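First comes the structure, then the notes that go with it.
Starting from 1, each residue takes its place in the sequence as its number. All values below were derived from every heavy atom in this structure, side-chain atoms included, with hydrogens, water molecules and symmetry-related copies excluded. It should be emphasised that the depicted structure is a prediction, and the values quoted were computed from it without experimental measurement.
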Amino acid sequence: QEQLVESGGGLVEPGGSLTLSCATSGFTFSTMYMNWVRQAPGKGPEWISSIDTVGNSRYAESVRGRFTISRDNAKNTIHLLMNSLKPEDTALYYCALTRSYRDFLANKYDNWGRGTQVTVSS
């Protein structure tokens, strides 16, 4: 059974920081491409960041320079360090896994967590 459990969300003031985590189980984590995706109220899912099997990362323009994705293969966990948060970052943040390189490049996902809420407000 594949499981992904996000944590670390909360309420933060603009300019603040949060670190999200995604603990996984039930699959060979080190072979998977991992992603963070968010969904703001009234909007569709927005891809935020991805990390490949050897730690190379890419980011959406909206978060580049502010967010950092990382993975810890020993703990089957990924993280998202979020700095300089803005109100427009308010969303439900999901981690998601992708099995194939082709799907990874196409921002396709094979499984999701339930999300953790991030609210940026003064």
Side-chain angles (χ1 to χ4, degrees):
Q1 183 178 8
E2 296 179 350
Q3 291 186 312
L4 303 92
V5 181
E6 301 92 339
S7 63
L11 176 64
V12 63
E13 294 186 351
S17 299
L18 284 174
T19 298
L20 306 183
S21 298
C22 176
T24 74
S25 62
F27 58 91
T28 305
F29 177 82
S30 62
T31 70
M32 301 297 171
Y33 305 94
M34 300 299 298
N35 313 269
W36 285 100
V37 181
R38 69 185 182 187
Q39 187 166 12
K43 297 184 178 180
E46 178 190 14
W47 170 82
I48 295 300
S49 183
S50 297
I51 188 164
D52 69 11
T53 57
V54 294
N56 299 308
S57 59
R58 56 190 177 99
Y59 300 90
E61 181 65 28
S62 58
V63 306
R64 187 176 297 113
R66 299 187 298 121
F67 291 10
T68 303
I69 190 172
S70 62
R71 69 188 297 157
D72 186 342
N73 286 351
K75 297 182 178 180
N76 296 340
T77 301
I78 65 167
H79 303 279
L80 186 68
L81 172 60
M82 305 184 295
N83 293 321
S84 302
L85 284 162
K86 305 174 181 179
E88 50 264 44
D89 294 318
T90 296
L92 188 63
Y93 284 72
Y94 302 90
C95 65
L97 70 86
T98 302
R99 294 187 180 277
S100 75
Y101 185 63
R102 181 180 62 186
D103 287 344
F104 174 69
L105 294 178
N107 290 332
K108 302 293 185 181
Y109 317 111
D110 296 309
N111 204 358
W112 302 65
R114 291 187 176 272
T116 185
Q117 179 67 39
V118 173
T119 301
V120 184
S121 176
S122 59

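- Linking ILVMFWY side-chain heavy atoms closer than 4.5 Å, directly or via other members, places Met34 and Val5 in two distinct hydrophobic clusters.
- Taking each heavy atom of Asn83 and Ser17 in turn, the nearest pair found is OD1-OG, 2.8 Å.
- Annotation: side chain of Arg66 is not in contact with side chain of Tyr59 (no heavy-atom distance under 4.5 Å).
- Using a distance-only test at 3.5 Å, with no hydrogens or angles considered, no donor-acceptor pair links the side chain of Ser122 to the main chain of Glu13.
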Check: residues 36-51 side-chain donor-acceptor pairs under 3.5 Å, at least two apart:
from	atom 1	to	atom 2	distance (Å)
Trp36	NE1	His79	O	3.4
Arg38	NE	Glu46	OE1	2.8
Arg38	NH1	Asp89	OD1	2.9
Arg38	NH1	Tyr93	OH	2.9
Arg38	NH2	Glu46	OE1	3.3
Gln39	NE2	Lys43	O	2.9
Glu46	OE2	Ser62	OG	3.0
Trp47	NE1	Ser49	O	3.4
Trp47	NE1	Ser50	OG	2.6
Ser49	OG	Arg58	O	3.1
Ser50	OG	Asn35	OD1	2.5

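- Asp110 meets the side-chain contact (heavy atoms from CB on, under 4.5 Å) test with Leu97, Thr98, Arg99, Asp103; sequence neighbours excluded.
- With a 4.5 Å cut-off on side-chain heavy atoms, Met82 and Val63 do not count as touching.
- Under the 4.5 Å side-chain contact rule for hydrophobic residues, Val118 and Tyr94 do not share a cluster.
- Taken from SG in Cys22 to CG in Asp72, the straight-line distance is 12.5 Å, to the nearest 0.5 Å.
- Considering all non-hydrogen atoms of both residues, Ser30 and Asn73 come closest at CB-ND2, 3.9 Å.
- Note on ring orientation: taking the six-membered ring where Trp is involved, the planes of Tyr109 and Trp112 are perpendicular (angle over 60°, cut-offs 30° and 60°).
- In plain terms, the two heavy atoms of Thr77 and Ala23 that are nearest each other are OG1-CA, 4.1 Å.
- Ring geometry, Phe104 versus Tyr33: the interplanar angle falls under 30°, so the pair is classed parallel (tilted spans 30 to 60°).
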What's the verdict on side chain to side chain contact (heavy atoms under 4.5 Å, CB included) for Thr53 and Tyr101, showing C-alpha distance, side-chain angles and the deciding distance?
CA-CA 10 Å; Thr53 57; Tyr101 185 63; over 6 Å; no

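- Between Leu85 and Phe67, the closest side-chain pair of non-hydrogen atoms falls below 4.5 Å.
- Side-chain contact between Gln117 and Thr90: present, with at least one pair of heavy atoms (C-beta onward) separated by less than 4.5 Å.
- Remark: side-chain polar atoms of Thr24 are paired, donor with acceptor, to backbone N or O of Asn76 under 3.5 angstrom.
- Interatomic distance, CG of Asp52 versus OG of Ser57, reported as 8.5 Å (0.5 Å rounding).
- The two residues Leu20 and Gly9 have their closest heavy-atom pair at CD2-N, 3.6 Å.
- Between the OG1 atom of Thr116 and the CG atom of Leu92 there is a distance of 7.5 Å, given to the nearest 0.5 Å.
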